[in-house]
Amino acid sequence: MNSAQFVDNDISMNKRVNFEDSLFILMMHLRLIQDIITLDADPEFFLGKTLDDIYFTDRLLGILMGSLQENNFLIEREELLEHLADIEVRFTEVLQNLLNHGGNISIRQAPSITERVAACRDNSLARQETIARLSPAGAGRSSSPIVSSDELTELLKAF
């Protein structure tokens with residue numbers, strides 16, 4: 001079972017997603033991918049693993065995006081969308097760097113890999129557009145603060 005299959009099975013069995021930790025890990029993961037691409041890493045050792053990591057990241061970002069779209073009532077949804085948007089921008093930059101041959105690891109000799117990485121970049125750009133539509137500023141909603149259930153409980157204690 002490859003890592004992508006594991007993620008799909010794990011998410012479908014457990015609908016509770018820890019968004020904050022998942023997003024944090026993805027950001028750290030993207031920093032590692034960027035380092036591998038830009039440093040003088042030996043492509044013979046790191047190209048395959050880096051591509052697997054990119055494909056995994058693309059699939060996981062899609063899963064997280066879908067979960068956020070389905071859960072309109074998450075208390076911290078706006079903040080999570082902002083974090084997801086930041087990660088998507090970073091992911092697009094990493095992919096563009098790889099596509100522009102910005103490091104020691106090159107995919108220019110493999111057109112099928114280049115097409116797949118470009119598709120990941122396009123997926124990321126599409127998710128960024130979706131996030132912009134879902135965010136309160138993008139949807140034209142007011143950006144006034146929302147009172148959490150804990151804050152509301154605390155405010156109502158006096159009554």
### Task
Please determine which of His83, Glu78, Glu79, Arg77 meets the side chain to side chain contact (heavy atoms under 4.5 Å, CB included) test together with Leu81.
Arg77
### From CZ (Phe91) to CG (Leu60), nearest 0.5 Å
10.0 Å
### Task
Show your reasoning for whether side chain to side chain contact (heavy atoms under 4.5 Å, CB included) applies to Leu64 and Leu26.
CA-CA 11 Å; Leu64 292 173; Leu26 277 175; 3.7 Å; yes
### Task
Kindly determine whether Phe19 and Leu74 satisfy side chain to side chain contact (heavy atoms under 4.5 Å, CB included), including the steps that lead there.
CA-CA 11 Å; Phe19 288 101; Leu74 284 173; 3.8 Å; yes
## Note on the structure
Residues at least two apart in sequence or cross-chain that pass side-chain contact (heavy atoms from CB on, under 4.5 Å) with Leu39, listed by chain then number, are Asp35
### Message
I'd like to check the side-chain contact (heavy atoms from CB on, under 4.5 Å) partners of Leu47; sequence neighbours left out, ordered by chain and number.
### Response
Leu51, Ile105, Ile107
### Query
Sequence neighbours excluded, which residues qualify as side-chain contact (heavy atoms from CB on, under 4.5 Å) partners of Ile25?
none
### Query
Quick one: side-chain hydrogen bond (donor to acceptor under 3.5 Å, both in side chains) partners of Thr92, sequence neighbours excluded?
Ser124, Gln128
## Note on the structure
Taken in chain and number order and not counting sequence neighbours, the residues that satisfy side-chain contact (heavy atoms from CB on, under 4.5 Å) with Ala118 are Leu99, Arg121
### Message
With salt bridge (Lys or Arg N to Asp or Glu O under 4.0 Å) as the rule and sequence neighbours excluded, what pairs involving residues 85-99 come up?
### Response
Glu88-Arg127
### Task
State, to 0.1 Å, how close Cys120 and Ile54 come at their nearest heavy-atom pair, and which atoms those are.
SG-CG2, 4.3 Å
### Message
Main chain of Gln96, side chain of Asn100: is a donor-acceptor contact present, judged purely on distance under 3.5 Å?
### Response
yes
### Summary
Applying side-chain hydrogen bond (donor to acceptor under 3.5 Å, both in side chains) to Asp42 and not counting sequence neighbours gives none
